Amino acid sequence: MSASKRKHPKNQSKSQRNVSDRQLAIEQRITQLGSQKNNEFGKAKFPYCTKRLLLAFARFIDNPHAYNGQLHDLNYCQSIVYGLQKRQRETCVKVMVAMCCDLEVETYQIGKPKLEHMDTITHKTIIKNYKACWGETICDKRYYHTINLLKMADFLVIDAVYLQDRDLLANLDLQDEDLPVFTRKQRINP
């Protein structure tokens, strides 16, 4: 490889790039979760294409202006003057990894695909995925704040929000099929 090609940031190895230890650890964990042989479960948490997307998104931690400003909306979603702090960017990446564990790749919807519809998952499931992926817990305030950041930047779009409250409907004489069942669909913008 010529010396001129080696100078380009994409052609440099990870040790030559100015990468923090936290970003390097997150990239290694994403690689581990996305590979079948290095994973303790014996199965990858997400497919190869999602792993590549998450590894690219992990570069957002140290370089929020990467990819020609494509992540500008996320970095400046709180303030047009000050971008997100490094810790906030790191949390965004970690929560995105936890959500991608239940991502349906063809439609970019979060949930469990069924034959005729998507079964949705709860926020508690994503928080459990976070704990399983990263080996640490995330407090509810930080989690919901990160979800709100992703919504403000249009990285996470909620198509519909529906609720089901069995306690209110317990007094009614309805069968389970007749109960108004509502689902929540979340989708990640590609």
Side-chain angles (χ1 to χ4, degrees), residues 9-17 19-64 66-67 70-71 74 84 86-140 142-147 149-151 153-159 183-190:
K10 288 184 179 178
N11 296 327
Q12 293 178 352
S13 66
K14 289 180 183 177
S15 61
Q16 292 174 333
R17 288 189 284 151
V19 177
S20 68
D21 292 336
R22 290 299 303 158
Q23 179 177 332
L24 190 61
I26 288 172
E27 287 177 356
Q28 289 172 347
R29 184 64 181 159
I30 291 170
T31 303
Q32 182 184 20
L33 290 170
S35 76
Q36 294 178 353
K37 59 185 172 187
N38 294 334
N39 199 343
E40 60 267 11
F41 305 110
K43 183 179 173 187
K45 287 270 197 182
F46 33 77
Y48 179 77
C49 59
T50 306
K51 180 179 91 169
R52 299 295 300 164
L53 175 80
L54 291 172
L55 284 172
F57 187 56
R59 292 186 185 167
F60 175 64
I61 296 171
D62 283 344
N63 188 4
Y67 304 109
Q70 290 179 358
L71 301 172
L74 180 59
L84 295 177
K86 189 172 188 175
R87 184 174 141 198
Q88 289 175 312
R89 295 190 304 261
E90 181 180 327
T91 305
C92 285
V93 171
K94 286 182 172 184
V95 168
M96 187 67 76
V97 169
M99 287 191 313
C100 285
C101 290
D102 289 316
L103 177 71
E104 202 274 312
V105 179
E106 289 181 11
T107 61
Y108 291 111
Q109 289 185 345
I110 298 170
K112 302 289 183 190
K114 297 291 181 186
L115 201 51
E116 60 275 344
H117 65 281
M118 278 292 274
D119 272 350
T120 58
I121 59 172
T122 62
H123 287 286
K124 289 181 182 180
T125 305
I126 297 173
I127 292 172
K128 287 178 187 175
N129 286 346
Y130 185 95
K131 183 171 172 73
C133 289
W134 302 106
E136 59 187 33
T137 59
I138 184 170
C139 67
D140 288 343
R142 179 180 285 177
Y143 170 75
Y144 287 112
H145 179 70
T146 305
I147 293 294
L149 291 176
L150 294 170
K151 285 181 190 176
D154 289 335
F155 275 53
L156 183 66
V157 177
I158 297 179
D159 291 335
T183 59
R184 181 177 185 166
K185 294 182 180 179
Q186 295 180 346
R187 159 174 72 85
I188 295 177
N189 277 346

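Fair warning: this is a prediction, and the values are worked out from it, not measured in the lab.
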Roughly how far apart are T146 OG1 and I126 CD1, rounded to 0.5 Å? 11.5 Å
Testing the basics here: between H123 and Y143, what is the closest heavy-atom pair and its distance to 0.1 Å? ND1-OH, 2.8 Å
Give, for atom OG1 of T91 and atom CG of L84, the distance between the pair rounded to the nearest 0.5 Å. 10.0 Å
Given side chains that start at C-beta, do those of L33 and R29 come closer than 4.5 Å, heavy atoms only? yes
Minimum heavy-atom distance C101-N129, with the two atoms named: CB-ND2, 3.9 Å
Taking all heavy atoms of L24 and all of V19, pick out the closest pair and write down the distance. N-CG1, 3.9 Å
Tell me, do I127 and T137 make a side-chain contact under 4.5 Å, heavy atoms counted? no
Minimal non-hydrogen separation, C49 against V105, with atom names: SG-CG1, 3.6 Å
Salt bridge or not for K131 and E136, using N-O below 4.0 Å? no
Spatial distance of atom CG (D140) from atom CD1 (I147) [nearest 0.5 Å]: 11.5 Å
Walk me through it: do K86 and E90 pass the test salt bridge (charged side-chain N to carboxylate O under 4.0 Å, His left out)? CA-CA 6 Å; K86 189 172 188 175; E90 181 180 327; over 6 Å; no
Evaluate K45 against C100 for side-chain contact (heavy atoms from CB on, under 4.5 Å), listing each step before the verdict. CA-CA 8 Å; K45 287 270 197 182; C100 285; over 6 Å; no
Contacts of type side chain to side chain contact (heavy atoms under 4.5 Å, CB included), residue E104, not counting sequence neighbours: E106, T107, P113, M118
Contacts of K112 that satisfy salt bridge (Lys or Arg N to Asp or Glu O under 4.0 Å) - sequence neighbours left out: D102
C92 versus L149, closest heavy-atom pair with distance: SG-CD1, 4.1 Å
For a side chain to side chain contact (heavy atoms under 4.5 Å, CB included) with F57, tell me which candidate from V97, I26, I30, L74 qualifies. L74
Using a distance-only test with no angle check, is there a side-chain donor-acceptor pair under 3.5 angstrom linking Q23 and E27? yes
L71 side, atom CG; F60 side, atom CZ - distance, nearest 0.5 Å: 5.5 Å
Please find the pair of heavy atoms, one from F155 and one from M96, that lie closest to each other, and give the distance. CD2-CE, 4.4 Å
Would you say R89's side chain and P64's backbone share a donor-acceptor pair under 3.5 angstrom? no
Interatomic spacing from CG in L54 to CE in M99 - rounded to 0.5 Å: 9.5 Å
